[in-house]
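Below, chains carry the letters A, B, ... as their sequence lines are ordered, and counting in each starts from 1. Predicted model, so just to flag it, every value in this text is computed and none were measured.
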Number of protein chains: 2
Amino acid sequence: MRFKPAAASAGMNGSGMSKSNNVYKDAYNRCLRLLDETRSLPSEPELGALLGVSRTTVRSILARMEETGLIAWNKRAKTVLRDPRPDDFFPEEETDTLAEIIERSFMRRLLAGGAEAGMQINELELAREIGVGTTSVREFLIRFSRFGLIEKRRNSHWVLKGFTRAFALELTEIREMFELRSAAAFAALPQDSAVWGDLDRLEGEHRVLAHEIATRFNEFSELDERFHRLIHRASHNRFIVDFYDVIAMIFHYHYQWNKAQERERNEVAIGEHLTYIEALKSRDLGKVDSACRKHLKSARQTLLTSIPESRPSQKA
Amino acid sequence: MRFKPAAASAGMNGSGMSKSNNVYKDAYNRCLRLLDETRSLPSEPELGALLGVSRTTVRSILARMEETGLIAWNKRAKTVLRDPRPDDFFPEEETDTLAEIIERSFMRRLLAGGAEAGMQINELELAREIGVGTTSVREFLIRFSRFGLIEKRRNSHWVLKGFTRAFALELTEIREMFELRSAAAFAALPQDSAVWGDLDRLEGEHRVLAHEIATRFNEFSELDERFHRLIHRASHNRFIVDFYDVIAMIFHYHYQWNKAQERERNEVAIGEHLTYIEALKSRDLGKVDSACRKHLKSARQTLLTSIPESRPSQKA
DNA sequence: TTAATGTCTTTTATCGTGAAAAAACAGTTT
DNA sequence: AAACTGTTTTTTCACGATAAAAGACATTAA
């Protein structure tokens, strides 16, 4: 009845650590990559905007870069002294958000089998095993609950609803409703809207990928997400746009999970996308509808075949 | 730019209180009401199931009832000694969940005007003013974010998106999509499904309320919610069912906010519901569709007229 | 006098802690 | 034995505290 039957995992923080400095480390790594391109760095506010962090963090980065001899820093003058070496970078795993760590850990368990619908999810146990505080786990579960895979019992534990066939069907039902509507809205957008340029660019990327599909087929999932998000955005409805987070999340793990015929599946999908894009550009609602329907149908099929049929679920 | 420009409110807990015992107090009050009906109480597990709390809480309740001379308690024998007096009850405000307290406080501010779209929401400030810890506020904001009224900036503050006309339109767009589909699913349910009985009972309640509308018009909102939830449940789709939480939440506060022509509006709505119910019972999809559309249209209208038109919102 | 840097303050993110409540276990009564 | 009561252990909920990160303010350079 427990979510986790055995096994162990290790969080690496020993004593009362309050907050990891992953924002700093991640921004530092990204800043290193910037170093390759220029001989001197811009002003602190500019750098902050570029990296998406505050000036406080920028200054920590600059301070360390000075220490390690990467730059000479005197007020406005930030001269690059040498190219960054591999060991200048912080290790990848130290740049992750706690939320990302928890999500990965949680999903690994959920997909690793033995996670039956109806199981209890224990906050404390999860926290201990991932090696984080209970608060972070609680917050993760609350955020995660909108994906419809878990549910809270009033002042008690969480219950796993399971990544079942029913779930996939409910998800795709909404997806199809939303995307059909968004696609129609997209086709009705005025000619001078910026989306047509975006669409052209995406079409180009699709064509390139189609050409090099043999070696780059695994790059499709990222392109897929960008394409569908562009379409959903045309709905101008926050609930539709936000719902794509659910789909993206499921497909993200689904892609990692189900590698069978990945190349073939992606090749087919690219073809469907191109037809879909042509339909949108034609602004013919009938064509859009049928191209969209066709693609969504095969996407649903792909998702469904990757879900092992479990015994009949007993619903409350 | 701040969410709260002035004013002050008082949380009443002084020192480091860990967790209020509102579960106990609320269950205790409900148990008092039970006392009126019987001469002796059932077993502890049974009582727990009845009140929806654990045996631990049941025993605390029984212990206090014994102390205050309400019952004589010896193992299985729990004899009622006297009727509960008004001062036996815990005060209403002590039975609320922290989440409820925070939500009320937050919504009061949001609707009290001066809450412009784009304002920052400060966790610490909110927590201080409501008189609760920051964790509870954070968790509330995360849960609340699914209503689409606030949005988080990555490791920074929350931003208020505002209860605007655009919000209402986006909300009702989804609502109409979902309810139309649910209503069709409802009408297609087999004759022996339990929902038809539920529908008959709701129809009865509608007729009674229609008759006594002059005095009981304010009881409509609760009936409205039960009716629409019954329909949405027919979709058998968790995302559709869960979305009704968003609608219910908005309408809950909307009813409190907009009292203009409440009686008339509710009277009209009851009429529309009755037509809608007839349509469902006829199982004629055309009729269902048009009755549903008509009702949703007027519901949208009601919501829209209650939102003051603000200056054109500047979107990012 | 604008836009940067240097400094100080506030807020967010996360933890450990402790009381409330649930759940598990053990012992009784029917 | 089945279902209850008594007792103990676990888990959830909520808080204050603290480091990281953001933000505000003061100062200085172009």
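- Panel note: side chain Ser105(A), backbone Ile101(A); no donor-acceptor pair is recorded below 3.5 Å.
- In this model, the phosphate group of dC13(D) is approached by a side-chain N or O of Lys152(A) to a distance below 4.0 Å at OP1 or OP2.
- Here Arg59(B) does not reach the OP1 or OP2 of dT5(D): none of its side-chain N or O atoms lies under 4.0 Å away.
- Note: Phe90(A) and Tyr24(A) meet the aromatic proximity criterion, with ring centroids under 6.0 Å apart.
- The backbone N or O of Leu51(A) lies less than 3.5 Å from a partner atom in the side chain of Arg30(A), making a donor-acceptor pair.
- The CD-P distance, from Gln120(B) to dA21(D), rounds to 19 Å in whole Å.
- The shortest distance between the side-chain N/O atoms of Asn155(A) and the OP1/OP2 oxygens of dA21(C) is not below 4.0 Å.
- Going from atom CH2 of Trp73(B) over to atom P of dG6(D) covers 6 Å, rounded to whole Å.
- When rounded to the nearest whole Å, the span between CG of Leu98(A) and P of dT12(C) equals 18 Å.
- Side-chain atoms of Ser145(B) come within 3.5 Å of backbone atoms of Ile142(B) as a donor-acceptor pair (strictly under, hydrogens ignored).
- In this structure a side-chain-to-backbone donor-acceptor pair under 3.5 Å is missing from Arg76(A) to Ser43(A).
- Residue order along DNA chain D, read from the 5' end via each residue's closest nucleotide, puts Thr134(A) first among Thr57(A) and Thr134(A).
- For the pair Glu139(B) CD and dA14(D) C1', the interatomic distance rounds to 8 Å; values are reported in whole Å.
- There is a side-chain donor-acceptor pair under 3.5 Å between Glu103(A) and Tyr253(A).
- Nucleic acid contact for Ser156(B): sugar-phosphate only, since backbone atoms but no base atoms lie under 4.0 Å from a heavy atom of the residue.
- The shortest distance between the side-chain N/O atoms of His157(A) and the OP1/OP2 oxygens of dT10(D) is not below 4.0 Å.
- Regarding Tyr28(B), its OH atom lies at a distance of 18 Å from the C1' atom of dA20(C), rounded to whole Å.
- Side chain Thr56(B) to base dA23(C): a donor-acceptor pair is found below 3.5 Å.
- Here the P atom of nucleotide dA21(C) and the NZ atom of Lys25(B) are 9 Å apart, to the nearest Å.
- At dA20(C), none of the side-chain N or O atoms of Ser60(B) fall inside 4.0 Å of OP1 or OP2 (strictly under the cut-off).
- Listed in residue order, the members of residues 40-50 of chain A having a heavy atom less than 4.0 Å from DNA chain C are Ser43(A), Glu44(A), Pro45(A).
- Among the protein residues, Thr135(A) comes within range of the nucleic acid bases, having at least one heavy atom under 4.0 Å from a base atom.
- Residue whose closest nucleotide on DNA chain C sits further toward the 5' end, between Ser54(B) and Arg154(B): Arg154(B).
- Electrostatic pairing of Asp245(A) and Arg229(A) counts as a salt bridge here, judged by a charged N lying under 4.0 Å from a carboxylate O.
- In this structure, the CG atom of Asp96(A) is 17 Å from the P atom of dA13(C), given to the nearest Å.
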Discussion item. Strictly under 4.0 angstrom, non-hydrogen atoms only: write out the protein contact profile of nucleotides 25-30 of chain D, one letter per nucleotide from the 5' end, B, S or -.
Written reply: ----S-
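- At whole-Å resolution of the value, CZ in Arg138(B) and C1' in dG16(D) are 15 Å apart.
- A centroid separation of less than 6.0 Å is found between the aromatic rings of Phe243(A) and Phe239(B).
- In this structure, Arg128(A) reaches the dT11(D) phosphate: one of its side-chain N or O atoms is under 4.0 Å from OP1 or OP2.
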Fill in: Verdict with reasoning, Phe147(B) to Leu171(B), per side chain to side chain contact (heavy atoms under 4.5 Å, CB included)
CA-CA 9 Å; Phe147(B) 295 136; Leu171(B) 179 79; over 6 Å; no
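- Among the heavy atoms of the strands lying under 4.0 Å from Ser20(B) are primed sugar atoms or P, OP1, OP2 only; no base atom is included.
- The side chain of Ser18(A) places no N or O atom within less than 4.0 Å of a non-bridging phosphate oxygen (OP1 or OP2) of dT18(D).
- Regarding contacts with the backbone of dT12(D), a side-chain N or O of Asn122(A) is found under 4.0 angstrom from either OP1 or OP2.
- More than 12 non-hydrogen atoms from other residues, nucleotides or ligands lie less than 6.0 angstrom from CZ of Arg33(B).
- Stacking of Arg238(B) on the aromatic ring of Phe167(A) is not recorded, the 6.0 Å distance cut-off and the 45° axial limit not both being met.
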